[in-house]
Protein chains: 2
Amino acid sequence: MVTLAEVARHAGVSASTVSYVLSGKRTISTRTRERVEKSIRELGYHPNAGARALASNKSNIIALMMPLRTDMYVPVMMEIAIAVATTARERGHDVLLLTGQEGPEAVRRVVGSGLADAMILMDVELEDTRLSLVRESPRPAVLIGLPADPSELTCVDLDFAATGRLCAEHLAELGHRDVAVVGEAAAVYERRTGFAERTLQGVRERAAELGVRVLHRPCDGSYESTAGTLARIFDERPATSAVIVQNEAAIGPMLSLLRQQGRAVPEDISVIAVCPEQVATQQSVALTSVAIPAQEMGRRAVELVMAKAGAADGRAPTGAGAGARAGAGTETLIELLPPQLTVRASTGPAPTPTGAP
Amino acid sequence: MVTLAEVARHAGVSASTVSYVLSGKRTISTRTRERVEKSIRELGYHPNAGARALASNKSNIIALMMPLRTDMYVPVMMEIAIAVATTARERGHDVLLLTGQEGPEAVRRVVGSGLADAMILMDVELEDTRLSLVRESPRPAVLIGLPADPSELTCVDLDFAATGRLCAEHLAELGHRDVAVVGEAAAVYERRTGFAERTLQGVRERAAELGVRVLHRPCDGSYESTAGTLARIFDERPATSAVIVQNEAAIGPMLSLLRQQGRAVPEDISVIAVCPEQVATQQSVALTSVAIPAQEMGRRAVELVMAKAGAADGRAPTGAGAGARAGAGTETLIELLPPQLTVRASTGPAPTPTGAP
DNA sequence: TTGAAAGCGCTAACAC
DNA sequence: GTGTTAGCGCTTTCAA
C-alpha cells in the first residue's frame, strides 16, 4: 500500500506538503504541486480513509437512514437515495446506508463512532422514536418528511398542503363541482408521516373556498380495494366528475376499472395523481399530476446537512471552551418544496349534467 | 468524546484489556470483563471507527454498487440493497452506497482508500467495464448477475435457464401447446445482463423437448407497447393459450388488456410471471409465478463476500512473503439460486380446441 | 490473565 | 512557500 510518506519521498518534499497539495489548505508553488501530483499518479496513491478520519475527526461520510417499513412506494425512496448519493459524491462525501431495522440505536452507533459526519433520515413519522436522539446528537441531521413536532430540527418535504390546494384549484377551474380523493391505505393515515393528511387538508380548504364538494376515501391499492373504493364513491356521489389519487398502487387499477365501466378519461371523469413523473407518464392515459420531487428532496437534504456541518465547523472560534454541544444547530428549519402541477391528458372540462351544451 | 483510554482508567485496567474485552480475541476473567463493560456503559463509550480502521486495516464496511441505469425494475434493486444492508449488519458490517454515476473509478477509489473491505456489484452487465478492476482488486468482490466471462469472479444470480424450463414444464403439464413469451424491452436483450436471454433459452429448450411451440416478443412495458405485443401474438399464433411474462411493467397492462378482449384468466389463457412475489400477488388475478429471490441474492452476496474476506485474512500464514495479491481469491465461483414456481390462480388446463370436452 | 508500548497513515499546529 | 513533529484512538505484538 502506498502511503503519503512514500509519495513525499518520491517527490522530494515533506509529508505535510503532500497533505496540503491534497487539501488545498495552503498555497503551494506550481512547480512543487506538479511534482507531487506526478508522484501521486505514478505511485497510484490513494489517501487512507481511516487515517484521515482519525486525524481530521471527519469521515466524509453521510449516513442515510431508510425506513423499516416497505409499504411506502419504493421507487420514490430509491430515487431519493440515489439523489442523496449523487449529490454527496459531488461534494466529496460518501453515503452509508442504514436500514430502519436497527432502529434508533443506529443513530447512536453511527454518530458515536464517528463513522458518519452527518445524518439524513427518510420517511420520518409524525411521532418518530429517532427524533429525541437526533435532537441530542452532536452531529447535524436533516429529516425528509415532517414530524408532528419539528422544533429544533431541519426538515425537507414537499408542500403537501399546497399540493392539495393546487389540485382543487385546477379542477375547480375546469368546472368540476364534485371531487373525490382516493387516498392512501387507512393505516397510513393513522400512524404515519402526515403527508396524506396534509394533502387532504389542502384539497378541502381550497375546495371549500371555491364551492367544490369533496369526498375522501382511503384505499389500500389492491385491485379489489380500488374497485370497492370507486364503487362507494360513485354510489355516494353519482355526480363525481373528478378524482384526485394519492396512492401510486391504486392508479393502474383505477384507470383499468374506469375503462371497464365505460367512463372515459377525461371526457366523463378527470383524474389527477400525486405521484412521481415517471408513474404519471407511463399509464394508459398520460396523467395530469403533481410530481413528487424525489431528486430535489434528496439533493436539498444533502445541501442542508452539509451547510449545517460547515456552520458547526466554523463556529466555536477555537478557545471558547464553554459550550457542550458541538453545534448540530438548534434552530428549527422547515423547507417545503413548492408543488408543480403538470397538465396532461387526464383532466378536462367537467361534463355538462345532461345531454348537449 | 469518550476514548478507550478513559474507559481503561475508569475501570482500572489497561487499554489493551479494554480492547480485548471488545474484540474477544483474548480470554478475560469474568470479573475484569464485567468491570470494563460497566465502565463502557456508564461512560457511553463508542469505539472510534477511524482509529479502528487505521489500526486494524479493516473498516468493517462493504461497498454496494448500484446500477446507473434506472430501466431496471427498481423494487428488486431496493429489496436486494436492504437485504445486503441487513445481512451485513448482522455480521457487524455497514454498507456504503455507491451509484453507477462514478463508474469504474469508484471501485478504485473505495478499494484504494481502504474505505471498504469488500464490494458487491449489482446489475452486472454481460460486458461490464468494472470487471477488470474487480479482477485486479486486492479486496474481495461479489457480483449479483452473471457476466459473459465470469472467470476468476464470484457471482450470485437466479438460475434463469432453470426458471425458463420450469415455466415451460408447468404449462406443458397443463396441456398447453402454444406458448408466448412477453419479454423485456428489446434494448435489454441487446446490451444487458443476459438474464432475459437465459430465461428464453430455458423456455425454448424444455418446450422443444415437450413438443410445445414458443413465440417470443420483446415489450417495453408501456400500455401501448403491451397492447401491440399482445395483438401480434394472437395474430401470428391464434392458438396461443398461455403467456410467460418477464417484464414487471407489462404485467398490469396485460391483464387489463386480456380482460378487455374478453379472454378470461386462466380459463381462456394462462399467465405465468417471472417477478417478485409481491408483484405476483398484488394483481387483479393472483399470478402463478417464479419469484425473483431478491432477498436471498442480497444475503448470499454478503455471505460469499465475507467468506472470501475471511479466507484472505486467514491465508498467507505470516512469513511466506512471496505473493503479491492479498488474496481476493482467484477461483471462479458461480452460485445460481434454484427457481421456485408457485402455482396461483392464473394458470389452468389448456382450453379444448372447440366446444365441449 | 494482564500491561506496556510501538505503530497504523494522516492532519494541522508551529517553526522557519 | 515549505519542513518538523505531535498527536488522533485503536490494535497488537512482546513481555510478564
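Chain letters run A, B, ... following the sequence lines, proteins first and then strands; every chain starts at 1. These figures come from a predicted structure and were not determined experimentally.
Between the NZ atom of A:K58 and the P atom of C:dC10 there is a distance of 17 Å, rounded to whole Å.
Under the 4.0 Å criterion applied to side-chain N and carboxylate O atoms, A:R9 and A:E6 are not assigned as salt-bridge partners. Between A:R300 and A:E303 a salt bridge is recorded (basic side-chain N to carboxylate O distance below 4.0 Å). Between A:E105 and A:R109 no salt bridge is recorded (no basic side-chain N to carboxylate O distance below 4.0 Å).
Contact annotation for B:V13: backbone-only contact, meaning every heavy-atom pair under 4.0 Å involves sugar-phosphate atoms and none involves a base.
Counting heavy-atom neighbours within 6.0 Å of B:Q295 CD, excluding the residue itself, gives a total of 12 or less.
Chain B approaches DNA chain D within less than 4.0 angstrom (heavy atoms of the protein), and the contacting nucleotides run 5' to 3' from D:dG9 to D:dC14.
Between B:D117 and B:N60 the shortest side-chain heavy-atom distance falls below 4.5 Å.
Only A:R26, A:T27, A:I28, A:S29, A:T32, listed by number, bring a heavy atom of residues 25-44 of chain A to less than 4.0 angstrom from any atom of DNA chain D.
The side chain of A:S19 places an N or O atom within less than 4.0 Å of a non-bridging phosphate oxygen (OP1 or OP2) of C:dT11.
A distance-only check finds no donor-acceptor pair linking the side chain of A:T154 to the backbone of A:L333 [under 3.5 Å]. For the pair B:S19 (side chain) and B:A15 (backbone), a donor-acceptor distance under 3.5 Å is absent.
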Go through it in stages, so that I can follow the logic: the residues are B:S113 and A:R52, the test is side-chain contact (heavy atoms from CB on, under 4.5 Å), and I'd like the CA-CA distance, side-chain angles, deciding distance and then a yes or no. CA-CA 10 Å; B:S113 66; A:R52 240 182 195 184; over 6 Å; no
B:H93/B:I61 under side-chain contact (heavy atoms from CB on, under 4.5 Å): CA gap, chis, key distance, verdict: CA-CA 5 Å; B:H93 286 244; B:I61 288 179; over 6 Å; no
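When every heavy atom of A:V2 is checked against every heavy atom of A:Y45, the shortest pair comes out as O-CD1, 3.5 Å.
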Are there any protein N/O atoms within less than 3.5 Å of an N/O atom in nucleotides 5-9 of chain C, and if so, which ones and at what distance?
unit_1: C:dC8; atom_1: O2; unit_2: B:A55; atom_2: N; d: 3.4

